Student: 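Quick one: this structure, given as structure tokens, is what I'll be asking you about.
Computed from a prediction, not measured in an experiment: that's the story for all the values here.
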Amino acid sequence: MIPACFSQPNTISSSSQVPQNLITCIYQTQLCNSPTYLTLTWSKALFSHSLTIHAPDSFSITISLNPTTFSFFRTKPGSKSIHLTHHHYQRIKLYWDFTQANFAHNSAEPDSGFYIAISCNAKVQFFLGDLLDELTRRSGLVGTHQLEQPTLLSRREHVFGHRNYISRAQFLGSKHEIGIECSEGTLKVKVDGETSLIVKRLAWKFRGNERIFVGGVEFEFYWDVFNWVNNRKGTTNGTGHGVFVFQVGDGGVWPEMVGTEKRLMRKSLSMSAASASMPSMVSLSPSPSCSSVLQWAEESSDGGRSSCSSTRSCGSNGGFSLLLYAWRKD
């Protein structure tokens, strides 16, 4: 019997420290005319809401999206100059505005009414959002209307629920609602409310892959609910999670876990290790690339040539991947 589907085991704590939603997106873009991967991590908990922007070997900054003290409005528009030591000390400028941002229920990522931009030498090289005219008015930057949308390579999201888990993600330029349902030993995958896949007898089929369509595009779908199947009384403490991958082409690039996301994974895996009968078999690495289903997906996309490291994410560009960690909560 699968406790995540049938029973009420001890679950991950719903304290203020546990995120309600955690999303990490990695984009391929330019910084001072040098190609780079830009990682955006959106995190929302009971008393905190933030965005962390990270470029490898260049910079990392966290922006609070909470209302300012004694204010009914979200954080004010802002900007910050950053010197890039690995780019011959060139300077970039970061701009943001979330005062009009609209968020879906419990979502850490805004749907509309915001902008994030990065400029170098007074030229915008990265823009995300829908308030381009507002950015131009506030910053005085020119040539903004010639911008191209940044390339989204991968998206990793932690979703929390009882039996139903929802992600509203953008697939190759179009937004879709992805639903994962686990009930009575059956896994259902829904796309925009329509059932795309049903997997029965999960106790025997706790890992697998099938092809499904999202917005008319064929995706390879991988699932791994071994943690749920193995989540029996006396063997684990109920903090296991299901892992689901939607992959098109060669897949995306998996960003390394940092900050809140890294702490969440370490806490879960540490608690599992403490309660396991053979703790030496449990890895405390927060890297998603060491999950068997992810390694399987990577090997499937490159003919088995992928390698797995606990410190560096695996993957390749030339495609897109959505990775969902589904956590059971009270």
Side-chain angles (χ1 to χ4, degrees), residues 22-43 50-63 78-97 108-110 114-129 132 135 139 141-144 146-157 169-173 247-262 286-289 294 298 301-302 306-307 309-323:
L22 191 59
I23 301 168
T24 298
C25 299
I26 187 165
Y27 298 87
Q28 189 171 30
T29 187
Q30 298 277 331
L31 278 184
C32 298
N33 298 318
S34 297
T36 189
Y37 293 137
L38 194 66
T39 301
L40 274 63
T41 300
W42 307 85
S43 177
S50 65
L51 164 66
T52 298
I53 305 174
H54 172 75
D57 300 322
S58 296
F59 74 93
S60 183
I61 182 174
T62 298
I63 302 169
S79 63
K80 183 178 180 62
S81 295
I82 301 172
H83 290 274
L84 305 180
T85 56
H86 288 75
H87 292 76
H88 305 289
Y89 291 93
Q90 294 190 74
R91 189 184 72 170
I92 63 171
K93 193 163 186 178
L94 177 66
Y95 301 86
W96 66 87
D97 185 357
E109 182 184 36
F114 76 102
Y115 67 74
I116 305 164
I118 300 176
S119 70
C120 181
N121 299 323
K123 180 181 179 181
V124 178
Q125 296 199 317
F126 176 85
F127 178 84
L128 189 68
L132 188 57
L135 169 66
S139 66
L141 295 169
V142 296
T144 55
Q146 301 174 358
L147 285 173
E148 296 182 359
Q149 286 292 322
T151 302
L152 178 62
L153 298 179
S154 65
R155 175 187 177 96
R156 184 172 65 224
E157 183 171 359
Q170 188 159 328
F171 287 80
L172 307 178
Q247 181 170 294
V248 65
D250 293 333
V253 176
W254 299 119
E256 185 177 358
M257 291 188 181
V258 297
T260 303
E261 187 176 26
K262 184 175 181 178
S287 173
S289 58
L294 295 179
E298 290 159 2
S301 65
D302 64 7
S306 291
S307 62
S309 167
S310 62
T311 58
R312 185 174 180 180
S313 300
C314 303
S316 61
N317 56 17
F320 171 77
S321 295
L322 168 67
L323 165 59

Student: Does Trp96 reach the side chain of Leu135, with side-chain heavy atoms less than 4.5 Å apart?
Tutor: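 Not touching, per the 4.5 Å side-chain cut-off.
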Student: Which of parallel (below 30°), tilted (30 to 60°) and perpendicular (above 60°) describes Trp42 and Phe114?
Tutor: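 Because their plane-to-plane angle is over 60°, the rings of Trp42 and Phe114 count as perpendicular.
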Student: To the nearest 0.5 Å, how far apart are OG in Ser58 and CD in Gln90?
Tutor: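 Reported to 0.5 Å precision, the distance equals 10.5 Å.
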Student: Would Tyr27 and Phe126 count as a ring-ring contact (aromatic ring centres under 6.0 Å, His included) if you check the C-alpha gap in whole Å, the side-chain angles of each, and the deciding distance to 0.1 Å?
Tutor: CA-CA 9 Å; Tyr27 298 87; Phe126 176 85; 5.6 Å; yes
Student: Within the side chain of Thr29, is there an N or O that forms a donor-acceptor pair under 3.5 Å with the backbone of Gln125?
Tutor: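 Yes; judged by distance alone, with no hydrogens or angles, the pair exists.
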Student: Looking at every heavy atom in both Pro35 and Gln30, which two are closest together, and how far apart are they?
Tutor: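 For Pro35 versus Gln30, the nearest heavy atoms are N-OE1, 3.6 Å.
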Student: Do Phe59 and Leu31 touch side chain to side chain, with heavy atoms closer than 4.5 Å?
Tutor: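 Of all side-chain heavy-atom pairs linking Leu31 with Phe59, at least one is under 4.5 Å.
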Student: Test Leu40 against every option in Leu128, Thr24, Leu152, Thr52 by the side-chain contact (heavy atoms from CB on, under 4.5 Å) rule and name the one that passes.
Tutor: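 Only match with Leu40 under side-chain contact (heavy atoms from CB on, under 4.5 Å): Leu128.
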Student: Of the non-hydrogen atoms in Ile26 and Ser154, which two are nearest, and what is the gap between them?
Tutor: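 Of all heavy-atom pairs spanning Ile26 and Ser154, the closest is CG2-OG, 2.7 Å.
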Student: Hey, does Gln28 have a side-chain heavy atom less than 4.5 Å from the side chain of Pro150?
Tutor: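 A side-chain contact is absent here, since even the closest heavy-atom pair is not under 4.5 Å.
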Student: Nearest 0.5 Å please: distance from the CD1 atom of Ile118 over to the CD1 atom of Ile82.
Tutor: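 The distance works out to 7.0 Å.
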Student: State, yes or no, whether a side-chain contact exists between Ile116 and Phe127 at a heavy-atom distance under 4.5 Å.
Tutor: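 The answer is no, as the side chains (C-beta and beyond) never meet within the 4.5 Å cut-off.
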Student: Measuring from Leu84:CG to Cys120:SG, what's the distance to the nearest 0.5 Å?
Tutor: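 Going from CG on Leu84 over to SG on Cys120, the span is 7.0 Å.
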Student: Please give me the minimum heavy-atom distance between Cys32 and Ile92, naming the atom from each residue.
Tutor: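 Nearest heavy atoms, Cys32 then Ile92: SG-CG2, 3.7 Å.
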Student: If you look at every heavy atom in Tyr95 and Ser79, which pair is closest and at what distance?
Tutor: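 Scanning both residues, the minimum pair turns out to be CD2-CB, 3.8 Å.
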Student: Only one of Arg156, Arg155, Gln247 forms a side-chain contact (heavy atoms from CB on, under 4.5 Å) with Ser321, so which one is it?
Tutor: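 The residue from Arg156, Arg155, Gln247 that satisfies side-chain contact (heavy atoms from CB on, under 4.5 Å) with Ser321 turns out to be Gln247.
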Student: Please round to the nearest 0.5 Å and tell me the distance separating atom NE2 of His54 and atom CD1 of Ile61.
Tutor: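 Reported value, rounded in 0.5 Å steps: 13.0 Å.
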Student: Compare all side-chain heavy atoms of Ile63 with those of Ile53 and state whether any distance is below 4.5 angstrom.
Tutor: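 Counting from C-beta outward, Ile63 and Ile53 do come under 4.5 Å.
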Student: Within the 4.5 Å heavy-atom criterion, are Thr41 and Leu51 side-chain neighbours or not?
Tutor: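 Of all side-chain heavy-atom pairs linking Leu51 with Thr41, none is under 4.5 Å.
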